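Notes follow once the structure below has been shown.
Here the structure is a predicted model, which means the values were calculated and not measured. For this chain, numbers begin at 1 and follow the sequence in order.
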Amino acid sequence: MSETEANVRTERKRGSGAKVVYDLLRDEILDLALPPGSPIDEVQLAERFQMSRTPIREALVRLAGEGLITTLPNRSTMVSNIDFLNMHTFFDALVLMYRVTTRLAAQYHRPEDLEVIAARQQEFAAAVRAQDALAMIATNAALHLAIAEAGRNPYFTALFSRLLDEGRRILRLYYQSYDDRLPQRFVEEHDEIIAVIAARDVGSADRIAREHAEQIVRQIQKMFVREDRLEIPL
C-alpha cells in the first residue's frame, strides 16, 4: 500500500470514528440519557470508544456548534442546559411550522406522498402501541417531515427538521408527562390531519395542525408551572 493510500484510509477511519462518537452522543443528549449539565470528559470518552482524543474532539466541536454541549470558562465541558426562559420563541416557530407545512401539503401533495405519509403514520401508531417513547419521538418527526416534504418547500422542510431535532429533549419531557403512554387520541389526530391533506382542505389542515401543535405546547408548559399556591391569610 502506498503512503498516500494509507493516509486516505487513516483519514477515512478517523472521520468515521468522529461520526460514530457524534451520532451516539447526540442521541444520548437529545434522548436525555445524558441530562443537561452532565460533564463531558474527553479522556473518559476516548476510553469508552477505544479511540484517540482527536476524533473525540472533532465530535465535540460539532456538538458544540449545534449548541448541545458547552465549554465553561474553566475549560470543562458539559451538556448544555435547556433554555426554558426563551422557550416561547421555540414554541412560536414550532406551531407555525406545523401549520405552514400541513397547509402546503394539502395544496401540493401528490398521490405518492400520501403513501409515504400513511406508512409513517403506521410506524407512529405501532410505537404508541408499544409504549416506546424514543420510537414515538422518531416516528412522529418522520411523519411530520413527510408531510412537510409533500408541501414542496425545501426551506420550510429544513427549518421544521431543525426544530424537531432541537426539540427532542423537550419532547422527551413531554412524553414523560404521560409516563410514556401516549393516549390513542394522538394517533387519531394524525389520522385527521392526513384526511384533510388528502381532501386538499387547506383551511381545515391549518386549523387541525394548529390545534395539534398548541396542545403539545400547553402540555409542556404545564410541566413547568407549579400547581400549588402559597396561601397566606391576611
Side-chain angles (χ1 to χ4, degrees), residues 24-40 63-64 66-70 72 77-102 120-121 123-145 147-148 159-193 206-232:
L24 189 56
L25 289 182
R26 186 172 183 275
D27 280 345
E28 290 179 347
I29 291 169
L30 293 174
D31 294 336
L32 299 180
L34 283 174
S38 298
I40 301 292
L63 290 168
E66 295 180 8
L68 292 176
I69 64 172
T70 302
L72 303 176
T77 303
M78 58 175 267
V79 176
S80 299
N81 289 314
I82 299 173
D83 186 5
F84 290 111
L85 290 178
N86 293 309
M87 195 59 63
H88 63 283
T89 58
F90 172 78
F91 289 148
D92 287 346
L94 186 69
V95 172
L96 181 61
M97 283 300 100
Y98 267 94
R99 292 177 58 196
V100 168
T101 56
T102 307
R120 299 294 84 79
Q121 168 67 343
E123 293 164 358
F124 175 75
V128 171
R129 288 194 300 271
Q131 298 174 8
D132 184 338
L134 300 185
M136 284 187 263
I137 292 170
T139 54
N140 177 73
L143 168 64
H144 285 288
L145 288 178
I147 291 172
L159 175 55
F160 201 15
S161 177
R162 176 183 166 189
L163 288 171
L164 290 171
D165 232 7
E166 291 182 2
R168 268 175 64 178
R169 292 198 291 177
I170 302 301
L171 288 174
R172 187 69 189 92
L173 295 173
Y174 169 68
Y175 281 67
Q176 285 178 352
S177 74
Y178 288 100
D179 296 323
D180 293 345
R181 298 169 182 264
L182 273 193
Q184 181 63 24
R185 66 183 170 87
F186 291 115
V187 177
E188 295 166 358
E189 286 178 11
H190 282 171
D191 286 333
E192 292 174 9
I193 290 172
D206 188 343
R207 175 181 58 81
I208 295 173
R210 180 173 189 164
E211 292 170 354
H212 181 66
E214 288 182 343
Q215 65 83 17
I216 295 173
V217 171
R218 286 193 300 271
Q219 180 68 13
I220 295 171
Q221 288 173 330
K222 281 169 54 180
M223 294 163 53
F224 306 111
V225 177
R226 287 177 48 181
E227 294 296 330
D228 59 311
R229 293 292 181 269
L230 183 62
E231 294 292 342
I232 301 177

Taking NZ, NE, NH1 and NH2 as the nitrogens, is one of them in D191 or R185 under 4.0 Å from a carboxylate oxygen of the other?
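No.
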Any chance you could measure [X], atom [atom1], to [Y], atom [atom2], to the nearest 0.5 Å?
X: E189; Y: I216; atom1: CD; atom2: CD1; value: 8.0 Å
X: Y175; Y: I220; atom1: OH; atom2: CD1; value: 9.5 Å
X: I193; Y: L143; atom1: CD1; atom2: CG; value: 7.5 Å

Using a 3.5 Å distance criterion without hydrogens, assess whether the side chain of [X] forms a donor-acceptor pair with backbone atoms of [Y].
X: T139; Y: M136; result: yes
X: S80; Y: G67; result: yes
X: Q215; Y: H212; result: yes

Results of salt bridge (charged side-chain N to carboxylate O under 4.0 Å, His left out) for [X] - residues two or more places apart only:
X: R26; value: E66, D165
X: E188; value: none
X: R218; value: none
X: D92; value: none

Mind checking side-chain hydrogen bond (donor to acceptor under 3.5 Å, both in side chains) for S161 and listing every partner two or more places apart, or none if nothing turns up?
none
Heavy atoms of M97 and L163 approach each other most closely as CG-CD1, 3.6 Å
How close do V187 and Q121 get, counting heavy atoms only, and between which atoms?
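V187 and Q121 have their closest heavy atoms at O-NE2, 3.0 Å.
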Any side-chain heavy-atom pair of I170 and F84 under 4.5 Å
yes
Identify, with sequence neighbours excluded, every residue that meets side chain to side chain contact (heavy atoms under 4.5 Å, CB included) alongside [X].
X: D179; value: none
X: R207; value: S204, E211
X: L85; value: D83
X: A213; value: V95, Y98

Donor-acceptor pairs under 3.5 Å, side chain of residues 125-132 to any protein atom, not counting sequence neighbours: which ones?
residue	atom	partner	partner atom	Å
Q131	OE1	R181	NH1	3.1
D132	OD1	L134	N	3.4
D132	OD1	A135	N	3.1

Under the ring pair (Phe, Tyr, Trp, His ring centres under 6.0 Å) test, residues paired with Y174 that sit two or more places apart:
Y178
Can you pull the salt bridge (charged side-chain N to carboxylate O under 4.0 Å, His left out) pairs that have at least one residue in residues 29-38, sequence neighbours excluded?
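Those involving residues 29-38 are D31-R168.
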